[in-house]
Every structure is written in C-alpha cells, then in structure tokens.
Amino acid sequence: MISLKKASIFQESAVLIRNLDVEFNPGEFWGIIGKNGVGKSTLLNVLAGMSNHYEGEIQIDGQPLNQINHRVRAQKISYLLQEQEPCLAFLVEEAIGMGRFPWLTTKSEDIDITGEVMNQCQINHLQGRSILKLSGGERRKVEIGTCLAQQSGHLLLDEPLNHLDVVYQKHIMQVFKQYSQRNAVIMVCHDIEAVKKYCSHVLMLLGNDCYLSGTSATILTETNLNKLFDDSSQLN
Ligand SMILES: Nc1ncnc2c1ncn2[C@@H]1O[C@H](COP(=O)(O)OP(=O)(O)OP(=O)(O)O)[C@@H](O)[C@H]1O
C-alpha cells in the first residue's frame, strides 16, 4: 500500500499539490486526472523515489519512502515514464528482462517471466529486434513489458496509452485491470472514458491545492468533471 498523509509535492520551490491524503491499496486501479501542468507526473516521480521534493508522510507498505533502499523500492514500485528515450541497442527481450534486476532470481526464471510478459503484451514477433529500431507504439509496448516483468506490488503508469493504437489500448487496459486485482495500479491518463471504464478509483487534481479522491463512481460525476475542465462540452 502507498499511503500519503498531509503530503505536499513541490516542483523546484513551487508547491504543486498541498496536503494530499490518499491511500493506494492492492486491488485498486487508480486513475489520476487533471489539466496539463497540474502536477500529475511530478507526483508519480515522487512516489517512484525519483524526486524527494515533498513534505509530509509518504509510506510504502508501512515504511517511509525515503528510508527504503533502491533494490527494495524497485521490488515494490515499477514506473512507466510518460516518455522514455532509449539510447542503447538492447534487444527487445533484453529490455524486458531488465525488469527482473531487483529480484536476483535465476536466469531460467527470468527467461520464463520475460516470455510470459512478451505473450501478455503481444510482442513475441519483436523478439531479436533492437529497441532503437522500433516504432513509437512498439517501443511503448516494450516499456510496458519491462514494468510488468518487474512484478512489483505497485505499478505507476504515466499516460501509458501514448503511441498505442485503439485496439491495443483496449487490450493493455485489460492487462492493467487484471494486474490491479492483486496489486495497486496508479495511472495518469487524459482519456476520461478509459478511466471511467477501467479504474476503480480516481484522484482528480483540480489545481490551487484542491483535489478530490474516491471511487470512480463518486468522483467522475458531471459536476466534478465540469469543475475540472470548466467546460463539460470537452467531454462529448
Ligand atoms: N524539470 C522541470 N523543471 C521545472 N519545472 C518543471 C519541470 N518539470 C515539470 N515542471 C513544471 O511543473 C509543473 C507540473 O508538471 P507535471 O509534468 O507534473 O504536470 P502534469 O500534470 O503531469 O502535466 P501534463 O498533463 O502536461 O503531462 C508544470 O508547471 C511544469 O511546467
């Protein structure tokens, strides 16, 4: 479980989110929504341990986030960034196998898990290809695969649907939904319809230190969505 108590999130010296109280539990699929620049990615960066610009209490499975060593944190949290630029010519299966690094498991187990993930992500046909020579969508599928191979208890996803075709978007959202049955999935997403359809819970960041959190049914009301976008017609 990731728990935030009176957490304030900063970008440089500016506070983006103030006094956030929320818990992300296994069995929950959270959608984080809000306008551009409101602080969604910055929040994920903090939860992933990539930024320590926060105040208040953030705990992962009962331990303060800033006291968890890197390997244990990587066992607990995997993070799909909004954009990732590969610079080394790893093969697709090598890139996915990197998700296994925190676990120090045997090579054969890692190969098995990598194979399962490639099936799950429908990317078997990309085996043997360099990640530098993939299309944007193919690369996104591999990045998602690396996160799934990490088998962490908390999966952080920053706009995972970027670059993916609509058919694959549906497939991978089902995969995330299934993953959330035993783990916590926390996804930043601009596609409100997808959030409505797949997420059990929503954190709506409204800016100016305001937010709403709770089950999707209670948060994704017309009134709240109007507050978020100031214009409900954007949703039609
Ligand atoms: N590296 C950085 N240095 C300085 N300011 C930054 C940096 N990254 C982001 N910001 C600023 O912090 C604020 C929050 O950015 P963040 O990326 O968290 O927004 P977001 O809600 O994820 O937006 P989007 O929907 O556009 O992805 C923005 O005002 C942004 O300009």
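Whatever order the structure lists ligands and atoms in, that order sets their numbers, starting from 1. Count residues from 1 along the sequence.
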_Closest contact, heavy atoms only, G145 versus V117_ = O-CG1, 3.3 Å
*Can you sort out which atoms of ligand 1 are near K35, meaning under 4.0 Å from one of its heavy atoms?*
21 (O)
_Could you tell me if E159 and H190 have a donor-acceptor pair between their side chains, going purely by distance under 3.5 Å?_
yes
*asked:* Measuring from non-hydrogen atoms of G34 to any atom of ligand 1, is the shortest distance under 4.0 Å?
replied: no
*Of all the non-hydrogen atoms in the protein, which one sits nearest to atom 14 (C) of ligand 1, and at what distance?*
G37 O, 3.3 Å
_Under 3.5 Å donor-acceptor, R73 side chain and Q67 backbone_ = no
*asked:* Can you name the atoms of ligand 1, numbered from 1 with element, that are less than 4.0 Å from a heavy atom of T42?
replied: 14 (C), 15 (O), 16 (P), 18 (O)
*For the pair K133 and E138, find out whether any cationic side-chain nitrogen is under 4.0 Å from an anionic carboxylate oxygen.*
no
_Shortest protein heavy-atom distance from atom 21 (O) of ligand 1, along with the residue and atom involved_ = K40 NZ, 2.8 Å
*asked:* Please list, in number order, the atoms of ligand 1 under 4.0 Å from a heavy atom of Q82.
replied: 27 (O)
*asked:* Any nitrogen or oxygen of G39, side chain or backbone, less than 3.5 Å from one on ligand 1?
replied: yes
*Backbone, side chain, both or neither: what part of Q11 comes under 4.0 angstrom of ligand 1, heavy atoms only?*
side chain
*asked:* With a 3.5 Å distance limit and no angle check, can you tell me whether D21 reaches the backbone of K6 through a side-chain donor-acceptor pair?
replied: yes
*asked:* I'd like to check atom 30 (C) of ligand 1 in this structure: does the protein have a heavy atom lying under 4.0 Å from it?
replied: no
*Report the nearest protein non-hydrogen atom to atom 24 (P) of ligand 1: residue, atom name, distance rounded to 0.1 Å.*
N36 ND2, 3.6 Å
_For H190, atoms of ligand 1 separated by under 4.0 Å from a heavy atom_ = 25 (O)
*Hey, is CD on Q63 packed in by over 12 heavy atoms from elsewhere, all under 6.0 Å?*
yes
*Should the proximity of L43 to ligand 1, defined as any heavy atom under 4.0 Å, be assigned to the side chain, the backbone, both, or neither?*
neither
*Among all protein heavy atoms, pick out the one at the shortest distance from atom 17 (O) of ligand 1; state its residue, atom name and that distance to 0.1 Å.*
S41 CB, 3.6 Å
*Could you tell me which atoms of ligand 1, counted from 1 in the order shown, lie closer than 4.0 angstrom to a heavy atom of E12?*
3 (N), 4 (C)
*Can you check whether M50 reaches L81 side chain to side chain, under 4.5 Å on heavy atoms?*
yes
*Going by heavy atoms in the side chains, are L4 and F24 under 4.5 Å from each other?*
yes
*Between I33 and C189, what is the shortest heavy-atom contact and its length?*
CG2-O, 3.4 Å
